[in-house]
Amino acid sequence: MSDIIRRDPHAEWIARNRLHPLHAAMQPQQLSWMGPNGVLRKSVHGVGFIGPNGIKRIDRSGAQQGGTSKRTASVEVQLPLHQVPAPAFYICVVPDMVGGRLSSHDRDLLGLARQLAGSDGAVLAVVFGESKETAFATAGVDRLLLLDSEGYAPERQVLGLRAVDNQFSPRHWLLPDSRSGGAELGRRFAASLGERPATRVWQIKDGACIGRAGAGLQDVAQPLRRLILAAAECAEPVSDTRHEVLAVQLSTALASCLPRIEDLGAVDVDPAAIPMAEAEFILSGGNGIKDWGLFHRAAVALGATEGASRVAVDDGFMGRERQVGASGVWVTARVYVAVGISGAIQHLQGIGACDKVVAINLDPGCDMIKRADLSVIGDSAAVLEALIVAVDNWRQSTLTPALSQREKGPISVAFNG
Amino acid sequence: MTIATVALVSIGAHPASGRARRAEQDARAVELGLELAGDNLHVLHAGNPHEPALRAYLGMGLDELHVLEQPDGADAVPVLRDYIREAGVQLVLTGSQAETGEGSGMLPYLLAEQLGWPLLVGVAQIESIHNGVAQVLQALPRGQRRRLQVRLPFMVTVDNAAPKARQSAYGPATRGLVDARVVEIIADELSTTGLLQPARPRPKRLKVIKAKSGADRMKAATAKAAGGSGQVLKGVGAEEGAQAILKLLIEEGVVR
């Protein structure tokens, strides 16, 4: 429901017309009645009506009739709850959880798991590490198993999955065939189990699955395997039901293993060398920026890839290859900071896939503020200066072990894929 | 530093025409091996030794190419495993996915599992190998890199983040030797259960709008993208605003 107040002339006409069969139903509710002890009780809540400007009006002349109904605020639609009290079998899903949240690929996978589970089975999501996701219920997760994991530890994760396999013996394992980790973990798990997985699956139908083969010129059709690595858009995500996200635990503690692969941590990459379309963190400047030197310094301090709106590019402050939007690059950044960009519709289209948008702008009414998850109304130069200082202070206070690597400077990376 | 280094190669297919060629990722693995081991690189293929496309690898500056002779549809894992075990290899390089056949990308995982070696996936660069300990840069999505440390022997798969393979020269390609060896033939299970067919175009996902009323449908068709419940900091100082932004950036893990 939209929040715009709309009049319903038909209802008002019925309320005025005493001969209409619905007239009685359209009358405002009773405002006063005699209580059991002979005291007159009044309801103060039903008084008045919401006027065309959204302001409550009270007409004490007695002429007010009708119009109070149907003006309810928009109600959040409560989807029906799907419950599986005693699951006949489990379908295990291991979502990627990029940045601690379900990606669209994960949601597709959960939709596929829902199809495979039917009404008797339960979808069990196995999540490694910390999760920030709050919408497991609407994504179709019946049972949730959280396993701790730190850094890059694929061998330990495989041990965790094997423990889950022993305890729940799921009918199917579903993993995303994605570069964000699912493809690797799924194949490691398959090799460890000694089972043959179906890879790059994009359709499951009637007990058979079809996946891409080779370089994408061929499909391989085979009977449905227990282990499925599914491509993006393999099924529609769950949208009609709500699910009880019941937490389950492993009955046994995870056996510790000596990791053969040691994670030495992330390496600084020169952000300017990362192609904009795949950059994770973009600092983008527009017409509101007066001091471009400061903008570049802020990008270096934050370690962000630089972007620009069309105005900034047209005015010659940034290169054409840095333009974000419909006629430039469609970015997929997880975090997009827009400085002095009011948000033309073409620009908002270009950042449609971004997860978190931060806006710094002088105009509190601009479209970018409506899109943003966090907006700061103020002068961009002052905020950028303060941001540089704040980042430096934060880096000083948290002397991370990566600092020794940082001193070496970012490595230069050639992108030739 | 001479580490017995093996690059596993396969025959690729051009993505548009489907013509046989050297596989893109395997060629990158050979390139990585040539940078690391130079002339000591041992290039190994399991399949048909008479395939002309195989000579494109020789054209990268190799004298010899070793082939374990197998027909189509045979399982390459056991023969490769036995060969690597017997040869005293320390480092195996390979692409992450074949361009012909099923191309499931399982071969390096199965080999590493059966050999009991650690496997590094999506490697962009091998930085150093000292005293049997290697430091390796792994490519992550979104152009990020991660440094890993592992002991020899280990196995490496490369993808498109690895350095681009050098051009193949025709002269060396024709001069090079192909050393074929007869091995036991074990049929692969997929050749009996799976069915390869020309790729069907995938259905385009439609944007389904589940709106009850016409007004909702109209809104869904025309509304601008809006976050809805964004937090707006108005009338705060620049420092306070910057702190709020920094807090979000740290929460998201993009500022390191």
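Just so you know, these numbers use all the heavy atoms, side chains as well, and skip hydrogens, waters and symmetry mates. Order of the sequence lines sets the chain letters (A, B, ...), proteins ahead of strands, with each chain counted from 1.
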When rounded to the nearest 0.5 angstrom, what is the spacing between [atom1] in [X] and [atom2] in [Y]?
X: A/F281; Y: B/E252; atom1: CZ; atom2: CD; value: 10.5 Å
X: A/D270; Y: B/R145; atom1: CG; atom2: CZ; value: 12.0 Å
X: B/M106; Y: A/T199; atom1: CE; atom2: OG1; value: 9.0 Å

Worksheet entry | Note: A/E236-B/R205 ion pair, threshold 4.0 Å (strictly below) | yes
Worksheet entry | Pair A/E233 + B/K204, salt bridge at N-O below 4.0 Å | no
With a 4.5 angstrom heavy-atom cut-off, could you sort out which part of [X] is near chain A: side chain, backbone, both or neither?
X: B/Q135; value: side chain
X: B/L148; value: both
X: B/L111; value: neither

Worksheet entry | Sequence-distant partners of B/T100, side chain to side chain donor-acceptor pair (under 3.5 Å), two or more places apart | none
Worksheet item: Can you name the side chain to side chain donor-acceptor pair (under 3.5 Å) partners of B/R200, sequence neighbours left out?
Response: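 Side chain to side chain donor-acceptor pair (under 3.5 Å) check on B/R200 returns nothing, list empty.
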So which residue, [options], ends up with the most heavy-atom pairs under 4.5 Å with chain B?
options: A/G100, A/S192, A/G181; answer: A/S192
options: A/L374, A/V389, A/V383, A/V376; answer: A/L374
options: A/R212, A/Q203, A/K132, A/R101; answer: A/R212
options: A/T332, A/V357, A/I351; answer: A/T332
options: A/A386, A/P154, A/S375; answer: A/S375
options: A/V358, A/I360, A/V335, A/L302; answer: A/V335

Under 3.5 Å, is there a donor-acceptor pair between the side chain of [X] and the main chain of [Y]?
X: A/R188; Y: B/L119; value: yes
X: A/R179; Y: B/R142; value: no
X: A/K356; Y: B/L248; value: no

Fill in: Minimum heavy-atom distance between B/P118 and A/E155, given as atom pair plus value
CB-OE2, 4.4 Å
